[in-house]
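One structure is given here, and the rest of the page talks about it.
Because the structure is predicted, anything quoted here is derived from the model rather than measured. Chain A is the first sequence line, chain B the second, and so forth, proteins listed ahead of strands; every chain is numbered from 1.
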Number of protein chains: 2
Amino acid sequence: MAKRALIHSLSDVDIRLVRVFITVTECGGFAASELELNIGRSTISKHISDLEMRIGLKLCNRGPSGFSLTQEGSQVLQFARKLLASIDGFQSEIDNIHTHLTGTLRLGVFDQSSTNPNARIHAAIGAFDELAPDVALEIALDPPSVLESRVTDGSMDIAIVPVHRQSSLLNYTPLYSEQMTLYCGVGHALFGMDQEAIRERLDLGAHKYAGYGFNSPNMKAGQSLGATRTARVQEEEALALLVKSGKYLGYLADHVAETHLRSGSVWPVAPNETRYSSTFAAITRRKPEPDRKTVVFLECLSDSHADQEHAISPHSRT
Amino acid sequence: MAKRALIHSLSDVDIRLVRVFITVTECGGFAASELELNIGRSTISKHISDLEMRIGLKLCNRGPSGFSLTQEGSQVLQFARKLLASIDGFQSEIDNIHTHLTGTLRLGVFDQSSTNPNARIHAAIGAFDELAPDVALEIALDPPSVLESRVTDGSMDIAIVPVHRQSSLLNYTPLYSEQMTLYCGVGHALFGMDQEAIRERLDLGAHKYAGYGFNSPNMKAGQSLGATRTARVQEEEALALLVKSGKYLGYLADHVAETHLRSGSVWPVAPNETRYSSTFAAITRRKPEPDRKTVVFLECLSDSHADQEHAISPHSRT
DNA sequence: TCTAAAGTTTCCATTTTATGAAACTATACA
DNA sequence: TGTATAGTTTCATAAAATGGAAACTTTAGA
């Protein structure tokens, strides 16, 4: 007993004694606080005397003659109230984390992502801002490979990239797709040719092919057609330029090609045979799990693209 | 599990979990904090997951891949540190009560207490001020009966009164005594008379007697001598005046009578027979027990009068 | 691709702690 | 002086905290 009193450092369980002390004080006695605390009188008695022993002061006079605080008891009561207020403060700060998201969301977007009308990233950002107005957004435009590595190493929370080869370290959430079709421009040998005729002499190796200089479904698609890439570009507009030059074949997103088609400056090359779909997905890292604001943003992205269908196989977990 | 997470109010035992969380964070992992916390790894694991469940947030990523705080974890860590600082603050405030006495000490002194050289109250006050410089002193001068009732009802902490009839509600700490002897003045029938002769014709009922108008040993002494009180006074100087008038007998404290004796203005009346001793004691209330500053002041009083002998029977406890 | 190592979690037996009922003590009031 | 009230102590029981063994998971290295 006396030993523990000497070690006068308030241990964690003693907070409970402090709380009991305050309640008893407010009720003006043990018997009255019994209901309030919902514990037996003997327990209250033990708690109060434990607390007195622990802090080494007599806190209150009690007995049949009534209940009253000692001078020291009044002081301790004051400090105790302050302490409980601090605990409540901690609690409310925790609650705050729950309700108000803060910090910075680092979002990455494929720097050459076309202005696909299916992409509703702006809508997602709008929805996110409603949910988490206190989160600052940081958007970076980079090639898919950079985005993937940055999400993997945690220096970016989430990114939107065309799905190519899925990494086991990332989670992929398909958002929208775009159709890619092979086109040629005015002056090209295949321009204006009947699709039936094109299909018959479809030897793509005989034509120059323009593709992206980075790892993408585009390259894979070109290879599978037997095309030899003779021009590399980094930007979509550059690719369109090459196609329109009449010297190159190249994949254009349907929504990009649309205007060119209307003006008669590009011609599809065996669309049914060459067409492929490029799916854009949000990537987050698998481990450590993304934080709450990232999860919320991911939900915003999903919701904004909910009406769209995706043709992506979910990555199998190890 | 989920149920308790919903009840997201931080209970008292959870403070301990918070402390564990901070330590683990500082150690950078469970294994490292095992020594620091001196509890088993499985216990730490349970504590952290309990805490996460309680506050409903994932605090840290842990596993073979290492230990790292989540964003929320960093925030919680910050709040947790603040919380522990509050607890430490409470602790130090308690320590402060231990070391520094504060408040007001309400002291009562018998308003007609003679300037007895044995009374060392001033010395006690000086010593007390050294020990408890932050305690304000409030000194009231009142008749013994008032002092006793004020100490009894707690509106006064301690008082110094002549001991008359001891109350079972008070504790008496004898401090100093004064000798009271019966005197007469110039012109009185007994003045200058040989003590032997006085003793022979000691019929005090035949003389006018002056005594105090309040309950005191003085009154009791006068009664025991068969004297009839024909003059009542409230002040000691008034009594001395009556004695010196030569018409009254009256008790004077020896140290008061001394100067009058030297100037030949008073004459002792059978000193050996009439003399009685009046003991002054500090009174404090028995229950509730006096607070610390009162106890300390009482010790100062005792110490200041330690060299003096007292002839008072300790009050028997019920 | 496999294996060893490191870190965490789960399960379970043991110890510790908390609790309330009943008996006990002390005070106030009639 | 008895009776009701307020708190304390004791003790048996219920609840929890704890640590060790084993299982699990991921990383690093062969």
Side-chain angles (χ1 to χ4, degrees), chain A residues 1 4 11-17 19-21 23-25 27-54 58-70 73 152-154 167-170 285-289 317-318, chain B residues 1 4 11-17 19-21 24-25 27-54 58-70 73 152-154 167-169 285-289 317-318:
Chain A
M1 282 180 73
R4 290 199 81 173
S11 108
D12 311 290
V13 287
D14 298 334
I15 306 288
R16 147 166 273 261
L17 306 186
R19 209 183 286 270
V20 168
F21 172 59
T23 306
V24 168
T25 301
C27 293
F30 288 12
S33 58
E34 207 170 356
L35 287 166
E36 184 72 23
L37 288 166
N38 207 30
I39 51 176
R41 224 176 291 185
S42 63
T43 308
I44 297 172
S45 172
K46 194 174 183 313
H47 280 169
I48 294 294
S49 45
D50 280 356
L51 183 62
E52 286 183 335
M53 198 187 66
R54 190 63 67 92
K58 178 159 192 185
L59 296 175
C60 51
N61 304 110
R62 45 198 191 272
S65 48
F67 178 91
S68 65
L69 283 176
T70 63
T152 303
D153 71 17
S167 157
S168 66
L169 300 171
L170 298 171
R285 68 170 161 179
R286 209 179 268 278
K287 286 210 171 164
E289 285 169 24
R317 304 203 169 212
T318 41
Chain B
M1 280 181 72
R4 291 199 82 174
S11 108
D12 311 289
V13 286
D14 299 332
I15 305 289
R16 149 165 273 262
L17 307 186
R19 207 184 286 271
V20 168
F21 172 58
V24 169
T25 301
C27 292
F30 289 11
S33 57
E34 204 174 3
L35 287 167
E36 184 72 20
L37 287 166
N38 207 31
I39 51 178
R41 228 176 287 186
S42 61
T43 308
I44 297 172
S45 172
K46 191 173 185 315
H47 280 168
I48 294 294
S49 46
D50 280 357
L51 183 63
E52 286 183 333
M53 199 188 63
R54 191 61 67 93
K58 177 156 193 188
L59 296 174
C60 51
N61 305 111
R62 43 201 192 273
S65 49
F67 178 92
S68 66
L69 283 176
T70 63
T152 303
D153 71 17
S167 155
S168 65
L169 301 171
R285 66 170 163 178
R286 208 180 268 279
K287 284 204 174 170
E289 283 169 25
R317 303 199 169 216
T318 41

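Taking 4.0 angstrom as the limit, A:Thr43 places a side-chain polar atom (N or O) nearer than this to OP1 or OP2 of C:dG20. Between A:His47 and the phosphate of C:dT19, there is a side-chain N or O to OP1/OP2 separation shorter than 4.0 Å.
In terms of the side-chain hydrogen bond (donor to acceptor under 3.5 Å, both in side chains) criterion, B:Arg285 has no residue partners (sequence neighbours excluded). Here A:Lys58 pairs with nothing under the side-chain hydrogen bond (donor to acceptor under 3.5 Å, both in side chains) rule; sequence neighbours left out. Scored by the side-chain hydrogen bond (donor to acceptor under 3.5 Å, both in side chains) test, B:Asp153 finds B:Ser155 as partners (sequence neighbours excluded). For the side-chain hydrogen bond (donor to acceptor under 3.5 Å, both in side chains) test, residues two or more places apart in sequence or in another chain that qualify with A:Glu34 are A:Arg41.
Using a 4.0 Å heavy-atom criterion, one finds that B:Asn38 contacts the sugar-phosphate atoms exclusively.
Bending across the helix from C:dT1-D:dA30 to C:dA30-D:dT1, expressed as the angle between its end axes from five pairs apiece, amounts to 30° (10° rounding).
Counting to the nearest Å, the P atom of D:dG7 and the CG atom of A:Leu59 are 15 Å from each other. A:Arg16 has its CZ atom 15 Å from the P atom of C:dT17, to the nearest Å. For A:Ile39 and D:dA14, the CD1 to C1' distance is 16 Å, given to the nearest whole Å. One interatomic measurement links the two molecules: CD of A:Glu289 to P of D:dT25, which rounds to 15 Å at whole-angstrom precision. In this structure, B:Asn61 atom CG and D:dT25 atom C1' are separated by 14 Å, rounded to whole Å.
Distance alone, capped at 3.5 Å, is enough to place a donor-acceptor pair between the B:Arg286 side chain and the B:Ser168 backbone. In this structure a side-chain-to-backbone donor-acceptor pair under 3.5 Å is present from B:Thr70 to B:Gly73.
The shortest distance between side-chain heavy atoms of A:Leu69 and A:Phe21 falls below 4.5 Å. Proximity of B:Thr43 to B:His47: side-chain heavy atoms (C-beta onward) are separated by under 4.5 Å at one or more points.
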What string of B, S and - do you get for nucleotides 5-10 of chain C, 5' to 3', if B is base contact, S is sugar-phosphate-only contact and - is no contact with any protein heavy atom under 4.0 Å? -BSBBB
